[in-house]
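Below you'll find the structure, written out as structure tokens, and then a few comments.
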Number of protein chains: 2
Amino acid sequence: MSLPIETPVTNADKTFFRLRTDIVEGVIQAGAKLSETELSTRYAVSRAVIREAINRLEACHLVERKANVGAKVVTLSAAGLVQLYQVREALEGMAARLAAENMDADEISDLQSLLDAHSNKVSSGETYYQEAGDVDFHYRIVLGSKNAHLISVLIDGIYHLVRMYRVQLGMAGPRVTTAFEEHSHIVRAIANRDGELAEMLMRRHILYSKNNIERKLNSISV
Amino acid sequence: MSLPIETPVTNADKTFFRLRTDIVEGVIQAGAKLSETELSTRYAVSRAVIREAINRLEACHLVERKANVGAKVVTLSAAGLVQLYQVREALEGMAARLAAENMDADEISDLQSLLDAHSNKVSSGETYYQEAGDVDFHYRIVLGSKNAHLISVLIDGIYHLVRMYRVQLGMAGPRVTTAFEEHSHIVRAIANRDGELAEMLMRRHILYSKNNIERKLNSISV
DNA sequence: AACCCCTATATTGTCGACATTGCATTTACA
DNA sequence: TGTAAATGCAATGTCGACAATATAGGGGTT
């Protein structure tokens, strides 16, 4: 996959990435307190490095901080999930519209062949690739919008939270075939340079996705 | 006005707010380099405080940072403005939709009376109050969405950048009466609990606003 | 004269120590 | 006995010093 890899250069970068994956994957529990001193000994770096990492985690809404008290990992809730998907709907809808206007031809054909590849994997029953494929698809459209703000908010922020919900609710690969068809229709709209339709389809796609994960969440807890 | 005021508690908070206003108001020029040592002497705080402030400024897209090199204030451009307003359109459109669903009755009547007050000020020719009134209106709708992500991204991030464009392009009070009518229609849609219409109207309102400021920008530079 | 390498300097990254704040336990008083 | 002030502790906030890195300038070579 041709996704731009984030390359950590400084120690604070590495610590930030480690902490982020640990939080998203649930190694550090949701709602847990992040003690600066404890983390600095655990990761063998100074408290300044930990502080910078925590500040960045706060910026992407994975932890909440209170002055003179400390930082906590965010807690997952049904309300939070709904709000998250509302923002996704707005932003990714716009991203699809802009992608229809701004992606160049070879990017679109790449996207189409990506979809074909996924089609093969799915029909051969590879459940592993499902989430990766979904993520890959959405990434390309967001990047195709060529809008730096959109890209930053979604890829650096929201997607990590979305993944945190997915992982911690144990969503392996739901509604595969239907989602695949929705992806197809979106790509077709983009190829036709129909931004308005692309936005509509993307918003519905995310709405369905939200309803699905929400149902799962309600069936598990409370 | 009943806007929630950010209260700085720590030294890093104060420094962050000071730096932010200095950047938005143009006291620190767009594109200027932010030297940690220089700022620490200028503001009489340690470099750690400055670093934390700069990190937060980076999080809200007011400065850009490169590892082992330093931080620069963002530069304003026509393309950047367009992208910013595309995000605004998506997010505030959704905010208006959610406000129509989630604001309670007294919040809506407050919003209505706010609009009436502005109407008086505008017809009496107070140009000063125009931007404050506009900001106040948009703030209330965003807060009325009751969506924490939406609120955070817009109020903590995007609005400061928008204001930076306004201030540095010398936009005093453009298209007052037309904007006021647009506000009226949006409030009416919200009062009727018509989220779909509220979103449409808000998106158009922001589109018009973008076209206006864009025209101004093109007439000044290049 | 043009190019490359090397060195000097200034800036950022990292660290450990100290100051200050919040919280829990204890103690004094009504 | 219940409440409230006082105290001790642990965590965060802040600081100055040291280490690592990038950039600019000079010197040497072809």
Side-chain angles (χ1 to χ4, degrees), chain A residues 5-23 27-75 152 156, chain B residues 5-23 27-75 152 156:
Chain A
I5 305 292
E6 299 172 304
T7 321
V9 28
T10 165
N11 250 339
D13 288 341
K14 293 173 200 159
T15 309
F16 168 60
F17 290 137
R18 284 180 64 180
L19 269 176
R20 192 176 61 185
T21 44
D22 282 355
I23 289 173
V27 177
I28 300 178
Q29 283 194 351
K33 173 153 202 252
L34 293 179
S35 164
E36 294 181 0
T37 54
E38 185 204 327
L39 289 173
S40 74
T41 58
R42 267 248 305 271
Y43 289 134
V45 289
S46 92
R47 264 187 60 220
V49 172
I50 298 288
R51 275 178 74 82
E52 177 163 344
I54 290 181
N55 277 331
R56 286 205 239 170
L57 290 171
E58 187 192 14
C60 55
H61 301 270
L62 285 172
V63 314
E64 287 165 356
R65 229 179 139 184
K66 246 172 57 181
N68 287 317
V69 174
K72 278 179 178 308
V73 179
V74 295
T75 59
S152 166
D156 295 335
Chain B
I5 305 293
E6 299 173 304
T7 321
V9 30
T10 165
N11 250 339
D13 288 342
K14 292 172 200 161
T15 309
F16 168 60
F17 289 138
R18 285 179 63 180
L19 268 176
R20 191 177 61 184
T21 45
D22 282 355
I23 289 173
V27 177
I28 300 177
Q29 284 194 351
K33 173 151 203 255
L34 293 180
S35 164
E36 294 180 1
T37 53
E38 185 204 327
L39 289 173
S40 74
T41 58
R42 267 247 304 270
Y43 289 136
V45 289
S46 91
R47 263 187 60 221
V49 172
I50 297 288
R51 275 178 74 83
E52 176 164 344
I54 290 181
N55 277 331
R56 287 206 239 168
L57 289 170
E58 187 191 15
C60 56
H61 302 269
L62 284 172
V63 314
E64 288 165 355
R65 230 180 138 179
K66 246 172 57 180
N68 287 317
V69 173
K72 278 180 178 307
V73 178
V74 294
T75 59
S152 165
D156 295 335

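Only heavy atoms go into these numbers, but all of them, side chains included; no hydrogens, no water, no symmetry mates. Lettering of chains follows the sequences in order, A, B, ..., and the numbering in each one begins at 1.
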Residue pair B:Asn55 / A:Glu52, side-chain heavy-atom distance below 4.5 Å: yes

Atom-to-atom span, [atom1] of [X] to [atom2] of [N] - whole angstrom:
{"X": "A:Asn68", "N": "D:dC9", "atom1": "CG", "atom2": "P", "answer": "20 Å"}
{"X": "B:Lys66", "N": "C:dT11", "atom1": "NZ", "atom2": "P", "answer": "16 Å"}
{"X": "A:Glu52", "N": "D:dG13", "atom1": "CD", "atom2": "P", "answer": "15 Å"}
{"X": "B:Lys14", "N": "C:dT20", "atom1": "NZ", "atom2": "P", "answer": "13 Å"}
{"X": "B:Asn55", "N": "C:dT12", "atom1": "CG", "atom2": "P", "answer": "12 Å"}

Is A:Glu58 salt-bridged to B:Arg56, going by a charged N under 4.0 Å from an acidic O? no

Please report the interatomic distance [atom1]([X]) to [atom2]([Y]), rounded to the nearest 0.5 Å.
{"X": "A:Leu62", "Y": "A:Asp22", "atom1": "CG", "atom2": "CG", "answer": "12.0 Å"}
{"X": "B:Leu19", "Y": "B:Ile50", "atom1": "CG", "atom2": "CD1", "answer": "6.0 Å"}
{"X": "A:Glu6", "Y": "A:Phe17", "atom1": "CD", "atom2": "CZ", "answer": "4.0 Å"}

Check whether any side-chain nitrogen or oxygen of A:Thr10 sits under 4.0 Å from OP1 or OP2 of C:dT12, and answer yes or no. no

Distance test, side-chain N/O of A:Arg65 to OP1/OP2 of D:dG13, below 4.0 Å: yes

So does B:Thr10 get a backbone contact from the side chain of B:Asp13, meaning a donor-acceptor N/O pair under 3.5 Å? yes

Mind listing the residues from residues 33-51 of chain A sitting with a heavy atom below 4.0 Å of DNA chain D? Number order is fine. A:Lys33, A:Leu34, A:Ser35, A:Glu36, A:Thr37, A:Arg47, A:Arg51

Take A:Ala67 and B:Val69, find for each the nucleotide of DNA chain C with the closest heavy atom, and name the residue whose nucleotide sits nearer the 5' end. B:Val69

